[in-house]
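To start, the structure itself, in structure tokens.
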Amino acid sequence: MPVKSMLRPRSLSRRPVNLCYTNGMKQELEAALAGCAQELFDAQVPVELTRPDEKFGDYATNVALQLAKQAGKPPREIADALAAKAKEKLGGKVSDVSVAEPGFLNLRLSDEALVSSMSTELTKSNEGRKVLLEYSCPNAFKELHTGHLYTTIAGDVLGRLLEASGAIVFRANFGGDVGLHVAKCLYGVVQEIGGEYPDKLKDIPKASRPEWVSAAYVAGAKAYEEDETAKAKITDINSQVYGFHESNDKTSGLAKIYWVCREWSYDYFKDFYEKIEVEPFDKYYPESSTIEPGSAVVNKHTGTVFEKSDGALIYRGQEAGLHTRVFVTSKGLPTYETKDLGVIFTEANDFAYDKRVLITGNDQTDYMKVVFAALGAIDRDLAAKQTHLTNGTVRFGSGQKMSSRLGNVSRAVDVIQTVNDTLASQNPGSDHYTTALAAIKYTFLKHRLGGDIAFDIDESVSLEGNSGPYLQYAHARARSILRKAGGEGGKIDSLEAGERTLARKISEFTEVVDKAVAELMPHYVCTYLYELAQIFNRFYENNRVIGDQRQDLRLVLVQKYADTLQAGLNLVGIASPDKM
RNA sequence: GCGCCCUUAGCUCAGUGGAUUAGAGCGUCUGUCUUCGGAACAGAAAGUCGUAGGUUCGAAUCCUACAGGGCGCACCA
């Protein structure tokens with residue numbers, strides 16, 4: 001495969017390739033219609049069903065318009081023929097197949113078929129596929145900020161989606177534990193404790209460690225800018241830290257401080273992930289561990305893939321329309337490029353993945369292309385397994401109004417704290433942490449992955465409208481009905497209008513998830529769940545369940561709805577308590 | 001300077017080749033209900049889909065140019 005094909009624009013790579021679905025009403029109807037086209041016109045066309053406005057039907061297709069050109073007949077004529085054939089072929093599955101100008105085909109499912117297609121059984125489109133997900137990726141010795149919160153939540157949900165589609169997911173976390181930021185931090189630490197006395201670290205209580213280390217970093221960074229002596233010292237510490245790894249130094253004063261503070265960082269990350277209720281990582285890849293494998297790869301391909309230029313080792317990406325980037329500096333130090341190659345190969349060894357999905361900020365788009373291009377020149381197969389997704393920058397405030405409570409503060413813990421406090425003040429006494437998490441996660445996840453996000457604290461904390469808490473409430477409400485009604489339920493034979501609208505929406509669930517999985521876009525699920533809850537709330541407003549003649553039937557619908565909403569919330573990592 | 005991304009209602013965003021009125025939420029205005037949990041529901045006002053061309057039976061969606069905004073362009077990560 002030529003290198004260029006790996007550099008295709010995201011809009012193309014998003015297209016799903018795997019079309020071997022096994023079940024589902026949509027797939028069944030598509031196959032049947034393709035069969036009709038084959039029989040009538042001897043034409044092979046991919047039939048794609050869409051969900052039109054309910055008044056037109058349950059599914060629609062423009063296949064007749066596509067066929068018109070091939071067959072050289074008016075689309076209307078083709079549509080009429082297809083409709084007649086489809087009715088005959090699909091029998092009891094559809095109650096109506098109609099044609100609309102200029103040649104759209106609309107299908108309406110029979111109530112029976114509609115009811116049977118309400119399912120939370122998902123398509124296993126990635127059965128057995130090994131997918132490595134790399135996300136979150138915070139630097140040790142620093143605090144987690146809002147960007148980390150976003151990428152962590154997004155990555156976690158992509159993992160859930162992939163797992164739901166049958167994939168075996170490996171969650172990897174690649175973060176910097178060497179480099180200038182570490183040296184700055186260590187400098188600050190040493191200043192704070194008055195020398196290279198690792199024993200003094202014992203005095204720092206566990207709970208305040210993250211902030212303490214962070215403060216040391218800030219002090220170190222300031223000294224680096226303002227004080228020449230400090231700057232020289234920090235530069236020296238920087239190379240010492242590399243030495244701690246090379247010589248496996250665990251005993252000298254500064255080395256001890258380094259290892260202890262590094263461990264504190266990893267503890268802090270793990271606590272944080274637990275706190276925001278995301279799946280734990282399978283493995284951490286500290287940057288220091290990727291230097292050796294990365295350098296080995298670069299050295300091996302020097303002269304072929306990489307070339308010397310001004311004393312540095314570079315990959316010349318210019319010919320492919322990319323940037324030329326340095327992999328090893330003229331001082332012989334590996335750059336992030338080399339470390340990235342190192343982690344790619346190490347992960348491949350550890351997990352033997354079929355696909356690797358990396359999620360980073362969108363400022364790394366062009367950079368990653370260069371790394372992948374270099375990788376492609378080394379190992380085409382491995383390069384073909386790489387996917388780079390980006391999450392946008394989190395902006396605060398919306399337009400004119402900045403949030404007075406958050407200002408520009410972007411620490412992840414502050415965001416959580418602020419949302420939690422706001423909820424607590426609005427609704428004292430109840431358990432609002434679950435609600436706070438739902439609010440935050442949903443705020444991030446409802447947007448299409450890739451674009452920047454305006455994080456408006458007031459909006460995300462809102463319990464109304466298109467929000468996580470609205471969905472949780474909509475779920476708890478349905479569960480409450482079910483509790484009150486007891487375990488009864490009945491059979492669904494025919495549906496009234498409001499019931500049918502709800503059933504129709506429920507039946508879309510698996511299709512929406514398929515799409516979210518195929519495109520690795522969680523927001524489709526969020527949008528769907530909100531629409532589902534909205535439709536239920538309308539139904540609920542207009543239709544009595546308990547005590548109604550149709551109680552038994554409606555309870556089945558409520559049950560299906562609650563299960564579907566719960567399954568969907570679970571997929572996007574949001575809790576669905578039965579009571580709030 | 002070169003490259004990539006973005007621009008849809010007052011604000012925040014869905015929609016990315018299909019159909020009569022381009023959809024939501026928030027905000028604004030007006031209602032519903034002696035509530036199977038009101039964190040609800042119904043309705044109204046609000047849009048030349050950045051601008052100008054082009055391709056197509058059909059364009060917010062594809063192409064070109066321009067404008068505005070963001071990001072990236074060798075020894076940082």
Side-chain angles (χ1 to χ4, degrees), chain A residues 9-11 14 50 52-53 55-56 60-62 65 68-69 75 100-104 106 137 139 175-176 178-181 287 309-318 321-333 335-337 339-340 361-367 369-370 390 392-393 395 398-401 426-427 435 443 446-448 450-456 458-460 462-467 469-474 476-485 523-524 526-527 530-531 533-534 537-548 551 554 558 579-580:
Chain A
R10 236 182 68 239
S11 56
R14 275 213 315 265
T50 56
D53 192 292
K55 63 191 165 209
F56 297 124
T61 178
N62 62 2
L65 297 172
K69 263 185 196 151
E101 293 300 339
F104 291 99
N106 290 316
C137 301
N139 281 334
V178 287
L180 206 54
H181 77 276
E287 202 179 303
S309 174
D310 293 339
L313 278 178
I314 64 164
Y315 175 77
R316 207 174 279 285
Q318 275 158 349
L322 302 171
H323 301 142
T324 293
R325 300 199 63 112
V326 170
F327 279 65
V328 179
T329 70
S330 51
K331 286 178 186 160
L333 295 173
T335 61
Y336 197 60
E337 285 81 340
K339 296 167 192 170
D340 245 315
N362 53 15
D363 53 346
Q364 298 197 16
T365 304
D366 289 344
Y367 159 76
K369 284 179 185 169
V370 178
T390 62
T393 311
R395 304 189 315 268
S398 60
Q400 314 98 329
K401 44 173 186 178
Q426 286 172 0
N427 191 11
T435 313
T443 299
K446 73 175 173 182
H447 296 113
R448 181 178 197 96
D452 290 351
I453 287 189
F455 192 97
D456 184 317
D458 295 313
E459 193 190 314
S460 80
S462 163
L463 307 172
E464 295 157 15
N466 191 358
S467 70
Y470 173 97
L471 296 179
Q472 289 187 316
Y473 185 77
R477 230 178 167 191
R479 292 291 176 204
S480 170
I481 298 172
L482 294 169
R483 265 197 307 277
K484 263 192 189 140
H523 76 291
Y524 289 126
C526 293
T527 306
Y530 178 63
E531 289 167 358
Q534 230 178 3
N537 280 337
R538 273 170 210 159
F539 168 79
Y540 175 85
E541 197 76 18
N542 300 320
N543 301 279
R544 186 85 200 170
V545 176
I546 295 174
D548 193 89
Q551 167 170 331
R554 286 179 179 170
V558 174
K579 291 177 186 175
M580 290 178 75

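We name chains A, B, ... by the order of the sequence lines, and we start the count at 1 in each one.
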If we take the [atom1] atom in both [N] and [M], what is their distance in whole Å?
| N | M | atom1 | value |
| --- | --- | --- | --- |
| B:rA24 | B:rU35 | C1' | 26 Å |
| B:rU12 | B:rG47 | C1' | 15 Å |
| B:rU7 | B:rU16 | P | 13 Å |
| B:rC57 | B:rG3 | P | 32 Å |
| B:rU56 | B:rU64 | C1' | 16 Å |
| B:rG31 | B:rC63 | P | 49 Å |
| B:rG50 | B:rG58 | C1' | 23 Å |
| B:rA22 | B:rC13 | C1' | 14 Å |

Proximal nucleotide (of [options]) relative to the [X] side chain:
| X | options | answer |
| --- | --- | --- |
| A:Ser309 | B:rA39, B:rA74, B:rA19 | B:rA74 |
| A:Glu541 | B:rC13, B:rC41, B:rG72 | B:rC41 |
| A:Asn139 | B:rC71, B:rA77, B:rA14 | B:rA77 |
| A:His447 | B:rC13, B:rG38, B:rA77 | B:rC13 |
| A:Arg544 | B:rC75, B:rG15, B:rC36 | B:rC36 |
| A:His523 | B:rC75, B:rG72, B:rG15 | B:rG15 |
| A:Lys55 | B:rA39, B:rA19, B:rU21 | B:rU21 |
| A:Tyr530 | B:rC71, B:rA24, B:rA77 | B:rA24 |
| A:His323 | B:rC26, B:rG70, B:rC73 | B:rC73 |

In whole Å, what is the span from the [atom1] atom of [X] to the [atom2] atom of [N]?
| X | N | atom1 | atom2 | value |
| --- | --- | --- | --- | --- |
| A:Asn537 | B:rC36 | CG | C1' | 13 Å |
| A:Lys369 | B:rC2 | NZ | P | 18 Å |
| A:Tyr524 | B:rA24 | OH | P | 19 Å |
| A:Tyr470 | B:rC13 | OH | P | 21 Å |
| A:Leu180 | B:rC76 | CG | P | 9 Å |
| A:Phe539 | B:rA40 | CZ | C1' | 15 Å |
| A:Asp310 | B:rC75 | CG | P | 11 Å |
| A:Phe455 | B:rC13 | CZ | C1' | 15 Å |

Position toward the 5' end of RNA chain B (nearest nucleotide), A:Val545 or A:Ala474: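 Looking at the nearest nucleotide for each, A:Val545 comes out on the 5' side.
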
Could you pick out which residue, A:Pro102 or A:Gly321, lies toward the 5' side of RNA chain B when each is mapped onto its nearest nucleotide?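 Mapping each residue to its closest nucleotide by heavy atoms, the 5'-most match is A:Gly321.
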
For [X], report the nucleic acid contact type (base, sugar-phosphate, nothing); a contact means any heavy atom under 4.0 Å.
| X | answer |
| --- | --- |
| A:Gln534 | sugar-phosphate |
| A:Asp366 | base |
| A:Leu333 | nothing |
| A:Ala60 | base |
| A:Asn543 | base |
| A:Lys331 | nothing |

Does B:rA74 fall in syn (glycosidic angle within 90° of 0) or anti?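 B:rA74: syn.
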
What is the distance from atom [atom1] of [X] to atom [atom2] of [Y], rounded to the nearest 0.5 Å?
| X | Y | atom1 | atom2 | answer |
| --- | --- | --- | --- | --- |
| A:Ile481 | A:Arg554 | CD1 | CZ | 11.0 Å |
| A:Thr329 | A:Ile314 | OG1 | CD1 | 13.0 Å |
| A:His323 | A:Lys369 | NE2 | NZ | 9.0 Å |
| A:Gln472 | A:Thr435 | CD | OG1 | 5.0 Å |
| A:Phe455 | A:His447 | CZ | NE2 | 10.5 Å |

So does [X] reach the base of [N] with its side chain, donor to acceptor, closer than 3.5 Å?
| X | N | answer |
| --- | --- | --- |
| A:Asn62 | B:rG18 | yes |
| A:Thr335 | B:rC75 | no |
| A:Asn106 | B:rA19 | yes |

Does the structure show a Watson-Crick or G-U wobble partner for [N], both distances under 3.5 Å? Name it, or say none.
| N | result |
| --- | --- |
| B:rG50 | B:rC66 |
| B:rG1 | B:rC73 |
| B:rU32 | B:rA40 |

Between [X] and [N], is there a contact of a side-chain N or O with OP1 or OP2 at under 4.0 Å?
| X | N | answer |
| --- | --- | --- |
| A:Tyr540 | B:rG38 | yes |
| A:Arg395 | B:rC13 | yes |
| A:Arg448 | B:rU16 | no |
| A:His181 | B:rC76 | no |
| A:Gln551 | B:rC36 | no |
| A:Arg538 | B:rA42 | yes |

Do side-chain atoms of A:Arg544 reach the backbone of A:Ile546 as a donor and acceptor pair under 3.5 angstrom?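 Confirmed, A:Arg544 side chain pairs with A:Ile546 backbone.
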
Can A:Phe104 be classed as stacking with the base of B:rG18, given a centroid separation cut-off of 5.5 Å and a plane angle cut-off of 30°?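 Not stacked by the 5.5 Å and 30° rule.
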
Using the rule for Phe, Tyr, His and the six-membered ring of Trp, do A:Tyr336 and B:rC76 stack at under 5.5 Å and under 30°?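 The ring of A:Tyr336 is not stacked on B:rC76.
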
Nearest heavy-atom pair of A:Asn362 and A:Gly392: which atoms, and what distance?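 Taking A:Asn362 first and A:Gly392 second, the nearest heavy atoms are ND2-CA, 3.6 Å.
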
Pair A:Tyr540-A:Arg477, side-chain contact (heavy atoms from CB on, under 4.5 Å): steps then yes or no: CA-CA 10 Å; A:Tyr540 175 85; A:Arg477 230 178 167 191; 3.1 Å; yes

Partners meeting side-chain hydrogen bond (donor to acceptor under 3.5 Å, both in side chains) with A:Tyr530 (sequence neighbours left out):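 A:Tyr530 satisfies side-chain hydrogen bond (donor to acceptor under 3.5 Å, both in side chains) with A:Gln534 only.
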
With sequence neighbours left out, write down each residue that passes side-chain contact (heavy atoms from CB on, under 4.5 Å) with A:Ser480, or none if nothing qualifies.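 Only A:Arg483 meet the side-chain contact (heavy atoms from CB on, under 4.5 Å) criterion with A:Ser480.
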
